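Bear in mind that the values here come from a model prediction, so they are computed numbers and not experimental data.
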Amino acid sequence: MTTRAPRRDSVENRAGILDAARETLAADPRASIDVIARSAGLSRRTLYGHFDDREALIRELISVGAQRFNAIAESVTDADARIALARLAARLWQEASHVQVAAALALDEAHVQHTADALAPLRRTVSALARRGQDDGSFRTDIAAPTLARLIEEVARTVVSRTDAASIGAENLAVRTLLSIAGLSWRDADDLLTAHPEIIGSERVDA
């Protein structure tokens, strides 16, 4: 039995709902399903034809965003664990900063498990980086690699949810914060980012 592909208008409606949800939640994280439907130019009934409820819609936003984050993790191939972590942090921040409110929703306590499952490939990348950095002596070794990886994740979570993405130096701060957790001093981080200016461009944290 052949499975029929979704109709084009159905696919477009679903994509429109997700786009509208991102924009609406950015303006009001508590926006109702009715508000999201109106923003998408659709009826509430049509929206419910795609998503059972508001939580299902948010979970889909998390899953779609996670796919992009996981793809970013796969794109970072630097052999030096320090550079890889800095580049990964910068690219993830650039992505998260465009949908910061939605990203914060994904990271709140109500969605932690779903987010963790969706981001499994990214988490494996961070774990591997923690181990590699410890093995070559570039990361701190006073705590076990799995714990270090978890600390990096938790600090990244805090930075995304608490830092104003539009503020000057936000990306720079995010990258330096994760390097610091990994064990680099501020001087080491400064030297690394000076040697690889392409990671965060010309943006600098104000003294």
If I compare all heavy atoms of [X] with all of [Y], which pair ends up nearest, and what's the gap?
| X | Y | result |
| --- | --- | --- |
| Ala89 | Leu178 | CB-CD1, 3.7 Å |
| Leu85 | Ala182 | CD2-CB, 3.7 Å |
| Ala21 | Leu61 | CB-CD1, 3.8 Å |
| Asp19 | Arg22 | OD1-NH1, 2.8 Å |

By side-chain hydrogen bond (donor to acceptor under 3.5 Å, both in side chains) - contacts of [X] (at least two apart):
| X | result |
| --- | --- |
| Arg59 | none |
| Thr125 | none |
| Arg140 | Asp142 |
| Thr141 | none |

Return the [atom1] to [atom2] distance between [X] and [Y], rounded to the nearest 0.5 Å.
| X | Y | atom1 | atom2 | result |
| --- | --- | --- | --- | --- |
| Arg54 | Tyr48 | CZ | OH | 10.5 Å |
| Arg30 | Leu25 | CZ | CG | 11.0 Å |
| Leu57 | Asp52 | CG | CG | 11.0 Å |
| Leu122 | Arg68 | CG | CZ | 14.0 Å |
| Asn70 | Ser75 | CG | OG | 11.0 Å |
| Ile17 | Leu47 | CD1 | CG | 4.0 Å |

Donor + acceptor pair across side chains of Thr46, Ser43 (<3.5 Å): yes

[X]: partners by side-chain contact (heavy atoms from CB on, under 4.5 Å), with sequence neighbours left out:
| X | answer |
| --- | --- |
| Asp117 | Gln113 |
| Asp188 | Leu184, Ser185 |
| Asp135 | Arg131 |
| Arg124 | Ala120, Pro121 |

Same cluster (ILVMFWY, side-chain, under 4.5 Å), Leu18 and Val35: no

Connected via hydrophobic side-chain network under 4.5 Å: Ile143 and Leu179: yes

What residue among [options] forms side chain to side chain contact (heavy atoms under 4.5 Å, CB included) with [X]?
| X | options | result |
| --- | --- | --- |
| Trp93 | Val159, Leu173, Val175 | Val159 |
| Arg176 | Ile181, Leu192, Asp190 | Asp190 |
| Leu129 | Leu88, Ile152, Leu148 | Leu88 |

Pairwise side-chain contact, Phe51 with Ile33, heavy-atom cut-off 4.5 Å (strictly under): no

Contact check, side chains of Glu60 and His50, non-hydrogen atoms, under 4.5 Å: no

Partners meeting salt bridge (charged side-chain N to carboxylate O under 4.0 Å, His left out) with Glu154 (sequence neighbours left out): Arg150, Arg157

Salt bridge (charged side-chain N to carboxylate O under 4.0 Å, His left out) partners of Asp78, counting only residues at least two apart: Arg87

Whether Glu153 side chain and Ala116 backbone form a donor-acceptor pair below 3.5 Å: no

Sidechain-backbone polar pair: Thr24 side chain, Ala20 backbone, donor-acceptor under 3.5 Å: yes

Sequence neighbours excluded - salt bridge (charged side-chain N to carboxylate O under 4.0 Å, His left out) pairs with any residue from residues 34-49: Asp34-Arg44

Residue pair Arg132, Phe139: steps toward the side chain to side chain contact (heavy atoms under 4.5 Å, CB included) verdict: CA-CA 8 Å; Arg132 181 148 54 93; Phe139 288 173; over 6 Å; no

Ile199 vs Leu193, side chain to side chain contact (heavy atoms under 4.5 Å, CB included): CA-CA, chis, key distance, verdict: CA-CA 7 Å; Ile199 292 177; Leu193 296 176; 4.2 Å; yes

